[in-house]
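Before any comments, here is the structure.
Computed from a prediction, not measured in an experiment: that's the story for all the values here. Here is how names work: the chains are called A, B, and so on, in the same order as the sequence lines, proteins then strands, and each is numbered from 1.
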Number of protein chains: 2
Amino acid sequence: MSDVTTGENLLFLTDEQLRQGIEAMYFAYRGFTADPDRILAGMAYGRAHHRAIHFINRAPGTTVNNLLLLLGVTKQSLNRVLRTLIEDGLVESRVGTVDKRERHLFLTEAGEALERRLSDAQRARMRTAYRTAGPQAVAGFRQVLEAMMDPDMRRRYHAMRESGA
Amino acid sequence: MSDVTTGENLLFLTDEQLRQGIEAMYFAYRGFTADPDRILAGMAYGRAHHRAIHFINRAPGTTVNNLLLLLGVTKQSLNRVLRTLIEDGLVESRVGTVDKRERHLFLTEAGEALERRLSDAQRARMRTAYRTAGPQAVAGFRQVLEAMMDPDMRRRYHAMRESGA
DNA sequence: CTTGGAATGTCAACAAGACTGACTTAAGGT
DNA sequence: ACCTTAAGTCAGTCTTGTTGACATTCCAAG
């Protein structure tokens, strides 16, 4: 351990440092959502639709229940969003083959097109930020974010990474 | 430049890495807001009240207009929040002495008490995350967050740090 | 000095997206 | 047969965002 991490030199843990971190998180999240929000503003969609599309793309064939756990909203709330996406032909809902109670969700071609448009914008900002800060900083960024998650979310986040990559 | 940052070794900039970063940001932000949300759930307040209280505490005497720029909402939206906080005796609004159109905002003792309760909870999570990840990671975290902000927000974020610390 | 425009803040009405609670339908599992 | 689980629906509420209209105050140009 270096001297910054021990004794009275825990300078990165002062209240002022923590407050600045909180504000940085707040302002950065605004930037993080700004580009997709702008794209969606024109259509009849919002951030809720984006989140659904994102996770259906990440885990094609996921069930409604699984999506519910990832998004942390009520089924009534998700249902409203999902219904419009299905009606508009962006998402397809297939009855489960092994368990017919389940609905498996997939993006249609139109859904994938919108997903790409949204995630291109979001990744472009992320890429610029990553490039500006450099690989070391990115590693630290990821470490702190992970430590900030609730344990449940951290589990789901890891599960997603394993199946995804 | 080290070899990770050049040539074909830009591994931290792959689409998969960026997607994981996006998801980490999403899940971490949920954790970030969870504790204050829980505290506020009981009262008739929400995240919007928290944000107002936070920034009034950070910049006592700030005007409504300045708060508007920080929060990025319409004045009508902020006004509703502010009105309830004033009615409930958490915020005091003083008519400007030099420009009587302006209202200067301050936390009352009750307001400061709630601010402390909310920010204690949020800082506790932040402190744990920082301690877990370590000072190097925290530095990287801050760098990436800053690079993710919109330029306007970055300016305001820096202005806040100068006056605050 | 007056008057018109800009800045600041307030009121009212509405929409999106979250919530709870109650209920239905269909399919599994014991 | 009975209970549970998955999904969907209907109704009502809350928070927080939006627009539009309006009042007050300031300031500067005529």
Q: Please assess A:Asp37 against A:Arg47 for the test salt bridge (Lys or Arg N to Asp or Glu O under 4.0 Å), listing each intermediate value before the final yes or no.
A: CA-CA 7 Å; A:Asp37 280 0; A:Arg47 216 173 278 181; 2.6 Å; yes
(Q) I'd like to know if A:Asp15 pairs up with B:Arg127 as an ion pair, taking the criterion as any Lys NZ or Arg NE/NH1/NH2 lying under 4.0 Å from an Asp or Glu carboxylate oxygen. (A)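 Between B:Arg127 and A:Asp15 there is a salt bridge, with a charged N closer than 4.0 Å to a carboxylate O.
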Q) Would B:Glu115 and B:Arg117 pass as an ion pair if we require N to O under 4.0 Å? A)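 Salt bridge between B:Glu115 and B:Arg117, a charged N being under 4.0 Å from a carboxylate O: no.
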Below the 4.0 Å mark, does [N] have OP1 or OP2 next to a side-chain nitrogen or oxygen of [X]?
X       : N      : answer
B:Thr74 : D:dG17 : no
A:Asn65 : D:dA7  : yes
B:His49 : D:dT16 : yes
A:Arg51 : C:dA18 : yes
B:Asn79 : C:dG9  : no
B:Arg83 : C:dG9  : no

What is the separation between atom [atom1] on [X] and atom [atom2] on [N], rounded to the nearest whole Å?
X        : N      : atom1 : atom2 : answer
A:Leu78  : D:dA7  : CG    : P     : 10 Å
A:Leu40  : C:dA16 : CG    : P     : 14 Å
B:Arg94  : D:dT25 : CZ    : P     : 20 Å
B:Leu67  : C:dG9  : CG    : P     : 10 Å
A:Asp37  : D:dT18 : CG    : P     : 11 Å
B:Leu85  : D:dT15 : CG    : P     : 12 Å
A:Arg80  : D:dA7  : CZ    : C1'   : 16 Å
A:His104 : D:dA6  : NE2   : P     : 12 Å

On the side chain of [X], is there an atom forming a donor-acceptor pair with the base of [N] - under 3.5 Å, no angle test?
X        : N      : answer
A:Arg101 : D:dT5  : yes
A:Arg103 : D:dA6  : no
A:Gln76  : D:dG12 : no

Q) Strictly by modelled atom types, are A:Glu92 and A:His104 linked by a side-chain donor-acceptor pair under 3.5 Å? A)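 Side chains of A:Glu92 and A:His104: no pair found under 3.5 Å.
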Q. So which of B:Phe32, B:Tyr29, B:Phe55 actually passes ring-ring contact (aromatic ring centres under 6.0 Å, His included) with A:Tyr26?
A.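 So, applying the ring-ring contact (aromatic ring centres under 6.0 Å, His included) to A:Tyr26 and each of B:Phe32, B:Tyr29, B:Phe55, only B:Phe55 qualifies.
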Q: Hey, which sits more toward the 5' end of DNA chain C by its nearest nucleotide, A:Arg47 or B:Ile86?
A: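 Per heavy-atom nearest nucleotide, the more 5' residue is B:Ile86.
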Q) Which residue lies toward the 5' end of DNA chain C, A:Ser77 or A:Gly96, if each is placed at its nearest nucleotide? A)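 First, find each residue's nearest nucleotide; the 5'-ward one identifies A:Ser77.
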(Q) Taking any heavy-atom pair under 4.0 Å as a contact, classify A:Lys100: base, sugar-phosphate, or nothing. (A)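 Contact class for A:Lys100: sugar-phosphate only.
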Q.
Please classify the nucleic acid contact of A:Val98 as base, sugar-phosphate, or nothing, using heavy-atom distances under 4.0 Å.
A.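 Sugar-phosphate: the residue A:Val98, judged by heavy atoms under 4.0 Å, touches backbone atoms but no base.
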Q: State yes or no: do A:Met43 and A:Leu118 share one hydrophobic cluster built from I, L, V, M, F, W and Y residues joined by side-chain heavy-atom distances below 4.5 Å, directly or via other members?
A: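 In one cluster with A:Met43: A:Leu118, yes.
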Q | B:Lys75 side-chain proximity, nearest of C:dA12, C:dT8, D:dG17 | A |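 For the B:Lys75 side chain, the nearest candidate turns out to be C:dT8.
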Q: Identify which nucleotide among D:dG17, D:dC10, C:dA18 has an atom closest to any side-chain atom of B:Ala48, counting heavy atoms from C-beta outward.
A: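 Nearest listed nucleotide: D:dG17.
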